[in-house]
Visitor: 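Can you keep this structure in mind? I'll have questions shortly.
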Amino acid sequence: MTWWEAILLVVGGLAAGVINTMAGGGSALTVPLLVLAGVPGNQANGSNRVGILAASASAVLSFRSSKATSLDGSSKVLLPTVIGSVIGSVAISQIADDTFETVFGVLMIPIVILTVVKPKPKLEVEPWPAWVTFAVFLGIGMYGGAFQAGVGLVLLTALTRAGYDLVTANNIKVFINLVVTAIALPVFIINGDVVWGPALILAAGFLAGGWFGAKLAVKGGEQLVRIFMIVAALYLAGSLIGVW
């Protein structure tokens, strides 16, 4: 890894940490940046999880330090999410690097759309039946285990539709991110899909970006971050797909 690739990962991790704090979807930037830094597709996907794990653990600890620590009744969404994350992480590790890069490049387009049209939690509506909740969170777990990027953008809406209030849903959301990553990362490690040098550099950027993101959450700040993410993500998506 060259010095400029290391700088690219530090800056990318910093930007992604800010984006995850203020808007969500930062992995849509960091996975392609790892690829641009010379890390093959599946290894980029696995290496990215090291930073996500650190950031998710930090978020969970932050919630536990506050009064909003309830995970009451979360088993109905955690169980299918855990099952799904195992399936997703094992399945994605079987595909070729080139295939992963193309698929991820295509997936970045709906992630950008979700960033622009941010899903809103549904309050005071009839909760989903148990089988629908299981199926939805099984799918979320499979996607999170396989790709991770953008999963947080839909979690809050899904949790409120599953019958949780906003405070509990926020708490469960960050815990799900941690659980999905903690389950998926060992699968990538076992398959040799984590390159530790770039992964740790990126993780440091993630943590610093999360801190700065909280400090920069001022009026107009989130909109500026969204614009930056949209432009960067579209460029990187084109690069992965082979448009340029």
Visitor: Output side-chain donor-acceptor pairs under 3.5 Å for residues 180-192, partner residues at least two apart or in another chain, one line each.
Guide:
| unit_1 | atom_1 | unit_2 | atom_2 | d |
| --- | --- | --- | --- | --- |
| T181 | OG1 | Q148 | OE1 | 3.4 |
| T181 | OG1 | N177 | O | 2.7 |
| N191 | ND2 | S93 | OG | 3.2 |
| N191 | ND2 | V187 | O | 3.1 |

Visitor: Do the side chain of T160 and the main chain of L156 share a donor and acceptor less than 3.5 angstrom apart?
Guide: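 Yes.
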Visitor: Please report, to 0.1 Å, the donor-acceptor pairs under 3.5 Å made by any side chain of residues 99-112, with sequence neighbours excluded.
Guide:
| unit_1 | atom_1 | unit_2 | atom_2 | d |
| --- | --- | --- | --- | --- |
| E101 | OE2 | G41 | N | 3.1 |
| T102 | OG1 | D98 | O | 3.1 |

Visitor: Return all side-chain donor-acceptor pairs below 3.5 angstrom for residues 79-91, not counting sequence neighbours, or 'none' if the list is empty.
Guide:
| unit_1 | atom_1 | unit_2 | atom_2 | d |
| --- | --- | --- | --- | --- |
| T81 | OG1 | V77 | O | 2.6 |
| S85 | OG | T81 | O | 3.3 |
| S85 | OG | V82 | O | 2.8 |
| S89 | OG | S85 | O | 2.8 |
| S89 | OG | V86 | O | 3.2 |

Visitor: Which pair of heavy atoms, one from A199 and one from V194, lies closest together, and at what distance?
Guide: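 Residues A199 and V194, closest heavy atoms: CB-CG1, 4.3 Å.
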Visitor: Is it true that a side-chain atom of D97 and a backbone atom of N42 form a donor plus acceptor pair closer than 3.5 Å?
Guide: yes
Visitor: Which residues, ordered by chain and number, are linked to V125 in its hydrophobic cluster, where ILVMFWY side chains connect at heavy-atom gaps below 4.5 Å, directly or through other members?
Guide: none
Visitor: Would you indicate whether the side-chain heavy atoms of V174 and L178 approach each other to under 4.5 Å?
Guide: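 A side-chain contact under 4.5 Å is absent here.
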Visitor: Are the side chain of K173 and the backbone of L153 linked by a donor-acceptor contact shorter than 3.5 Å?
Guide: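 Here the side-chain-to-backbone pair does not exist.
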Visitor: Under a single-linkage definition using a 4.5 Å side-chain heavy-atom cutoff for Ile, Leu, Val, Met, Phe, Trp and Tyr, are W196 and L207 assigned to the same hydrophobic cluster?
Guide: no
Visitor: Do you know the tightest heavy-atom contact between L159 and A169?
Guide: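 Residues L159 and A169, closest heavy atoms: CD1-O, 3.2 Å.
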Visitor: I would like to know whether V50 and F206 meet side-chain contact (heavy atoms from CB on, under 4.5 Å); could you show each step before the answer?
Guide: CA-CA 10 Å; V50 177; F206 260 117; over 6 Å; no
Visitor: Between S56 (side chain only) and L53 (backbone N and O only), is there a donor and an acceptor less than 3.5 Å apart?
Guide: no
Visitor: Side-chain polar contacts of residues 127-145 - donor-acceptor pairs under 3.5 angstrom, sequence neighbours left out - could you list them?
Guide:
| unit_1 | atom_1 | unit_2 | atom_2 | d |
| --- | --- | --- | --- | --- |
| T133 | OG1 | P129 | O | 3.3 |
| Y143 | OH | A149 | O | 2.5 |

Visitor: If you take all heavy atoms of Q43 and V195, which pair is closest and at what distance?
Guide: OE1-CG2, 3.5 Å
Visitor: Locate the shortest heavy-atom distance separating A6 from I201; write the atom from each residue and the value.
Guide: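 Heavy atoms of A6 and I201 come nearest at O-CG2, 3.8 Å.
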Visitor: Sequence neighbours left out, cut at 3.5 Å: what donor-acceptor pairs do the side chains of residues 25-37 make with other protein atoms?
Guide:
| unit_1 | atom_1 | unit_2 | atom_2 | d |
| --- | --- | --- | --- | --- |
| S27 | OG | N48 | ND2 | 3.0 |
| T30 | OG1 | N48 | OD1 | 2.6 |

